[in-house]
Amino acid sequence: FFDNRKLKFNETTIELMKKVSENHKTREKQIGNGKAAILMKSLEDYLRGRQFELLTSHHGSAKFNIFMDEDKALQWLTS
């Protein structure tokens with residue numbers, strides 16, 4: 001569970017997201033096949049999170065999901 005509600009993503013570029021995605025790919029064995037719920041505070045941040053989710057969806061077997069609602073994030077993690 002990653003609570004990113006206090007972080008600011010307004011200056012995040014697609015180039016930075018691609019670099020983070022590549023970092024995720026190189027650490028695939030360490031990440032494993034678990035789940036990660038990423039909680040965002042605004043619609044803009046949520047949409048940036050979805051972009052990251054799409055960039056990483058073809059890497060490994062870990063599942064990421066982006067949320068704005070903490071209860072839904074926890075429900076997804078425990079399902």
Side-chain angles (χ1 to χ4, degrees):
F1 188 83
F2 297 94
D3 189 345
N4 291 340
R5 292 177 288 186
K6 292 184 180 181
L7 301 178
K8 295 182 180 183
F9 293 92
N10 57 334
E11 294 183 16
T12 304
T13 64
I14 191 68
E15 290 81 18
L16 178 59
M17 281 191 260
K18 286 180 182 177
K19 287 180 183 178
V20 173
S21 175
E22 284 302 314
N23 183 54
H24 173 78
K25 183 178 179 181
T26 62
R27 302 196 186 292
E28 185 177 318
K29 287 183 181 180
Q30 294 167 307
I31 295 170
N33 64 350
K35 288 172 135 180
I38 302 171
L39 191 58
M40 303 298 220
K41 68 178 173 198
S42 70
L43 181 58
E44 181 181 5
D45 289 346
Y46 170 81
L47 294 173
R48 288 181 194 274
R50 289 283 294 133
Q51 288 176 327
F52 175 73
E53 183 182 0
L54 292 171
L55 285 170
T56 59
S57 65
H58 60 283
H59 297 312
S61 54
K63 294 177 178 56
F64 290 88
N65 212 336
I66 312 301
F67 297 91
M68 291 180 63
D69 182 291
E70 186 172 349
D71 290 334
K72 287 181 181 178
L74 292 171
Q75 181 180 11
W76 178 77
L77 279 173
T78 59
S79 65

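For reference, positions follow the sequence shown, starting with 1. The structure presented is a predicted model; accordingly, all values stated were derived computationally and were not measured.
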Legend entry - Point-to-point distance, once rounded to the nearest 0.5 Å, from CZ of Arg48 to CG of Leu43: 11.0 Å
Legend entry - For Met68 against Lys41, the heavy-atom pair lying closest together: CE-O, 3.8 Å
Legend entry - Those residues that, when tested against Lys72, pass side chain to side chain contact (heavy atoms under 4.5 Å, CB included) (two or more places apart): Phe67, Asp69
Inset, instruction - Please identify each residue that fulfils side-chain hydrogen bond (donor to acceptor under 3.5 Å, both in side chains) with Gln75, with sequence neighbours left out. - result: none
Legend entry - Interatomic distance, Asn65 atom CG to Leu39 atom CG [nearest 0.5 angstrom]: 11.5 Å
Legend entry - Separation between CG of Leu54 and CZ of Arg50, rounded to the nearest 0.5 Å: 5.0 Å
Inset, instruction - Applying side-chain hydrogen bond (donor to acceptor under 3.5 Å, both in side chains), name anything that partners Asp3, two or more places apart in sequence or on another chain. - result: Arg5
Legend entry - Spacing of CG belonging to Leu47 relative to CD belonging to Glu44, to within rounding of 0.5 Å: 8.0 Å
Legend entry - Closest contact, heavy atoms only, Tyr46 versus Ile66: CE1-O, 3.3 Å
Inset, instruction - Report the distance from atom NZ of Lys35 to atom CG of Leu77, rounding to the nearest 0.5 Å. - result: 6.5 Å
